[in-house]
Trainee: 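Here you go, one structure.
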Amino acid sequence: MSLEDKIKATAKDAEGRLQAAAGDITGDDRMKAEGEAKQVQSHLMDAAGALKDKVQQAAASVGEAIDDLAGKGS
């Protein structure tokens, strides 16, 4: 996950926490729910970034294995 993606996810989480707290304080259930939804969105952004990193690592490992096999065959 890039630093930019981490910053965006963290900012979305902070925004959601503030909005949910404001909704809780004011008794605005819709605002609170929207804030909680933003927090969930930030967690999904983190999960997607982690998955992307794992896929890139797996692809690199497969590439290295292919290179190793190609080197042994010659």
Side-chain angles (χ1 to χ4, degrees):
M1 182 174 206
S2 72
L3 180 59
E4 182 180 342
D5 290 340
K6 288 180 185 180
I7 291 170
K8 286 179 183 178
T10 301
K12 180 66 72 176
D13 184 58
E15 178 185 0
R17 288 177 186 270
L18 289 171
Q19 187 173 4
D24 195 34
I25 290 169
T26 62
D28 187 337
D29 291 336
R30 181 176 177 173
M31 181 185 290
K32 182 178 178 181
E34 288 175 357
E36 290 170 349
K38 287 179 183 179
Q39 291 176 58
V40 170
Q41 184 182 8
S42 77
H43 295 295
L44 292 173
M45 291 166 70
D46 284 335
L51 178 60
K52 180 181 173 183
D53 291 344
K54 293 289 183 186
V55 168
Q56 289 175 341
Q57 291 171 359
S61 294
V62 168
E64 290 171 8
I66 290 171
D67 289 344
D68 288 348
L69 288 173
K72 291 179 183 177
S74 52

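Along the sequence shown, residues carry numbers from 1. Remember, it's a predicted structure, so these values are computed and weren't measured experimentally.
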Trainee: Does Lys6 have any salt bridge (Lys or Arg N to Asp or Glu O under 4.0 Å) partners at least two apart in sequence or in another chain, and if so, which?
Mentor: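 Partners of Lys6 under the salt bridge (Lys or Arg N to Asp or Glu O under 4.0 Å) test: none.
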Trainee: Does any pair with a residue in residues 16-25 pass salt bridge (charged side-chain N to carboxylate O under 4.0 Å, His left out), and if so which ones, sequence neighbours excluded?
Mentor: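 Passing the test, one end in residues 16-25: Asp13-Arg17, Asp24-Lys32.
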Trainee: Which pair of non-hydrogen atoms, one from Ala9 and one from Ser42, has the smallest distance, and what is that distance?
Mentor: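 Reported closest heavy-atom pair: O-CB, 3.2 Å.
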Trainee: Which Ile, Leu, Val, Met, Phe, Trp or Tyr residues join Ile7 in one cluster when any pair of side-chain heavy atoms under 4.5 Å counts as a link?
Mentor: Leu3
Trainee: So which residues get pulled into Val40's cluster when ILVMFWY side chains under 4.5 Å apart are joined, directly or through others?
Mentor: Leu44
Trainee: Give the other cluster members for Ile66, using side-chain heavy-atom distances under 4.5 Å between Ile, Leu, Val, Met, Phe, Trp and Tyr residues; answer none if it is isolated.
Mentor: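 In the cluster with Ile66 are Val62.
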Trainee: Tell me, please, which residues at least two apart from Glu4 pass salt bridge (Lys or Arg N to Asp or Glu O under 4.0 Å).
Mentor: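 With neighbours one apart ignored, the set is Lys8.
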Trainee: Could you list the residues that satisfy side chain to side chain contact (heavy atoms under 4.5 Å, CB included) with Met31, not counting sequence neighbours?
Mentor: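 Side chain to side chain contact (heavy atoms under 4.5 Å, CB included) list for Met31, sorted by chain: Gln19, Ala22, Asp28.
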Trainee: Name all pairs fulfilling the salt bridge (charged side-chain N to carboxylate O under 4.0 Å, His left out) condition that reach into residues 35-63, sequence neighbours left out, sorted by first residue then second.
Mentor: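 Pairs touching residues 35-63 that pass the test: Glu15-Lys38.
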Trainee: Please identify each residue that fulfils side-chain hydrogen bond (donor to acceptor under 3.5 Å, both in side chains) with Thr26, with sequence neighbours left out.
Mentor: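 Testing Thr26 for side-chain hydrogen bond (donor to acceptor under 3.5 Å, both in side chains), a comparison that skips the adjacent residues, returns none.
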